[in-house]
Engineer: 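The structure that follows is given in the form of structure tokens.
Lettering of chains follows the sequences in order, A, B, ..., and the numbering in each one begins at 1.
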Amino acid sequence: MNCEIVQEEFSSFIDNELSVEGKNKMSAHLETCSQCETLFKNLKETLHVMHSLPSLKTSDDFVAKLLTTAHSNQNKRSSFSFLNNDIFKYSGYGIAAGLVLALGFTQLMVPKIERPNITAHNKIHSEVPLVAEMSDSLENTLNDTALNNQLSTQSSQELLLVNQK
Amino acid sequence: MREFTDEQLIAKFQSGDELAFIELVNRYKDRLINFVYGFVKNYSDAEDIVQDTFLKVYKNKHAYREIAKFSTWLYTIAGNLARSQLRKIKRRKTFTMSQLSYDDNEFDPKDMSRSHTEVLDDSYVAQEIRKAIQELSEPFKTIVILRDIQELSYEDMSKILEIPIGTVKSRVNRARLKLQSLLKHLKE
């Protein structure tokens, strides 16, 4: 066993976590290596002091304080425990279902209001000619009518002349 | 109640026997305050954390299953609360220090709560050891507190820390050697 391996196993040796064979090897090394022996001795002394360190104690009213808080938390929880009650839960579901049904029924009972068909309206609107186009077309129509009137006047005069003849 | 094991006591408490809970509190309150104090270094914070630990046990008594030792469960709760408190303290300190001017930083107000020297009446060597433990890194500090202050077994530590026993062994050794090197001046 070299020093590095021995030092890695110091704690296992102190805490009795080594096999019998491991313990024997360790003891044999410590007998022959003064450097490892000193390190091991110092480590054991430190641990001894650590194990005998004065320890802290909780305050005298620790348990009383703890129980008071635990009970008050429990009371707070139990005040709202009706929320977990099955009757409360199922009646809640019932109320919710009733409301949904009532709303649906109301919708059925209210007469339908005719709403303009927006799609059709847009379609119609897109088919309406522009004002300019409309005026052009009107003008043409008027011109045509005037021309027709003129023509028909001319034709009637011609007919009158023929008849007179 | 003293004749019962921890596991029997928690089973009794789960069935509604509050005296069993009180017995568990009396068994562990002082051990836990020493464990938690190792992290937070403030007596009143440590006592609050131990109170919170037992309140969690009281509230969640049915969460305990007899697949683990009661002490392992208890130390795990206390350790988690202590670490979370430590993070809060560190954040608070960082915030406070960043708010101070250079002159203010030089003023070191004494902690108004009871310090460990007042509480413990330590010898010089004991004080130096406690100081050295605080200088260890977080994993080493935890392992030294669990093994050498709380005297827990390697198996229990493995369960609490959720690491293999082999890792526990090597970490215990490295932590102790580091501690030893921090205490070298005591031998000179």
Side-chain angles (χ1 to χ4, degrees), chain A residues 1 3-19 22-23 26 30 34-78 80-81 84, chain B residues 18 21-22 25-26 29-38 43-44 46-47 50-55 57-59 116 119-123 125-130 132-133 144-145 147-151 153-154 165 168-177 179-184 186-187:
Chain A
M1 263 180 138
C3 293
E4 202 181 324
I5 295 172
V6 164
Q7 287 171 19
E8 274 174 17
E9 298 291 337
F10 271 172
S11 289
S12 298
F13 187 46
I14 293 168
D15 295 331
N16 210 17
E17 292 279 332
L18 280 186
S19 62
K23 277 181 201 169
M26 178 73 82
L30 291 177
S34 61
Q35 198 193 343
C36 283
E37 194 207 2
T38 310
L39 195 59
F40 182 71
K41 215 175 103 190
N42 288 345
L43 184 62
K44 270 187 91 171
E45 276 174 19
T46 306
L47 294 179
H48 178 73
V49 178
M50 274 175 77
H51 293 159
S52 55
L53 279 180
S55 61
L56 288 166
K57 297 227 176 294
T58 50
S59 50
D60 296 338
D61 60 346
F62 181 88
V63 180
K65 221 160 65 180
L66 175 69
L67 291 175
T68 310
T69 318
H71 292 158
S72 101
N73 288 351
Q74 200 177 31
N75 289 339
K76 266 186 222 162
R77 279 201 303 277
S78 59
F80 292 98
S81 63
N84 292 325
Chain B
E18 198 167 280
F21 174 72
I22 295 171
V25 173
N26 283 324
K29 62 185 172 70
D30 293 339
R31 280 192 252 180
L32 281 187
I33 200 163
N34 284 286
F35 172 57
V36 171
Y37 184 85
Y43 181 83
S44 89
E47 196 170 70
V50 180
Q51 283 266 342
D52 287 346
T53 305
F54 285 118
L55 286 172
V57 171
Y58 192 93
K59 191 183 161 195
H116 76 261
V119 176
L120 289 166
D121 189 27
D122 275 350
S123 67
V125 176
Q127 278 186 42
E128 289 300 300
I129 290 175
R130 285 186 200 279
I133 292 172
V144 162
I145 293 170
R147 178 65 203 156
D148 295 318
I149 310 282
Q150 299 292 306
E151 299 181 19
S153 71
Y154 281 48
I165 287 198
V168 172
K169 282 185 184 177
S170 64
R171 204 178 282 179
V172 165
N173 197 57
R174 281 188 287 140
R176 282 173 174 174
L177 289 176
L179 192 72
Q180 184 64 33
S181 74
L182 291 171
L183 294 167
K184 226 189 283 175
L186 291 178
K187 293 279 166 195

Engineer: Would you mind listing every salt bridge (Lys or Arg N to Asp or Glu O under 4.0 Å) that reaches into residues 6-15 of chain A, with sequence neighbours excluded?
Structural biologist: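 Qualifying pairs: Asp15(A)-Arg147(B), Asp15(A)-Arg176(B).
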
Engineer: Pick one of side chain, backbone, both or neither for Asp52(B), based on which atoms fall under 4.5 Å of a heavy atom in chain A.
Structural biologist: neither

Engineer: Is the shortest heavy-atom distance from the side chain of Leu66(A) to the side chain of Lys29(B) under 4.5 Å?
Structural biologist: no

Engineer: Glu18(B): what forms a side-chain contact (heavy atoms from CB on, under 4.5 Å) with it, not counting sequence neighbours?
Structural biologist: Leu67(A), His71(A), Tyr58(B)

Engineer: Any heavy-atom pair between the side chains of Lys184(B) and Asn42(A) that's under 4.5 Å?
Structural biologist: no

Engineer: So what's closer than 4.5 Å to chain A heavy atoms on Leu32(B): side chain, backbone, both or neither?
Structural biologist: neither

Engineer: For residues Gln35(A) and Leu39(A), determine if any side-chain heavy atom of one lies less than 4.5 Å from a side-chain heavy atom of the other.
Structural biologist: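 No; the side chains remain at least 4.5 Å from each other.
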
Engineer: Measuring heavy-atom distances to chain A, does Ile133(B) have an atom under 4.5 Å in its side chain, in its backbone, in both, or in neither?
Structural biologist: side chain

Engineer: Picking from Leu177(B), Asp148(B), Ile33(B), which has the most non-hydrogen pairs under 4.5 angstrom with chain A?
Structural biologist: Asp148(B)

Engineer: Heavy-atom distances under 4.5 Å only: say whether Ile129(B) touches chain A with side chain, backbone, both or neither.
Structural biologist: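 When you check distances to chain A, only side chain atoms of Ile129(B) fall under 4.5 Å.
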
Engineer: Tell me, side chain or backbone of Ile22(B) under 4.5 Å from chain A's heavy atoms, or both, or neither?
Structural biologist: side chain

Engineer: Which bit of Glu151(B) is near chain A, if near means a heavy-atom gap under 4.5 Å: side chain, backbone, both or neither?
Structural biologist: side chain

Engineer: Identify which part of Leu43(A) has an atom lying under 4.5 Å from any heavy atom of chain B, answering side chain, backbone, both or neither.
Structural biologist: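 Backbone plus side chain of Leu43(A), per the 4.5 Å heavy-atom cut-off to chain B.
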
Engineer: Without swapping roles, check the side chain of Asp30(B) against the backbone of Lys57(A) for a donor-acceptor pair under 3.5 Å.
Structural biologist: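 Side chain of Asp30(B) to backbone of Lys57(A), a donor-acceptor pair under 3.5 Å: no, none is there.
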
Engineer: Measure Val50(B) against the heavy atoms of chain A and call it side chain, backbone, both or neither at under 4.5 Å.
Structural biologist: both

Engineer: Quick check: are there more than 12 heavy atoms from other residues, nucleotides or ligands sitting under 6.0 Å from NE2 of His48(A)?
Structural biologist: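 Check fails, neighbour count at 12 or below.
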
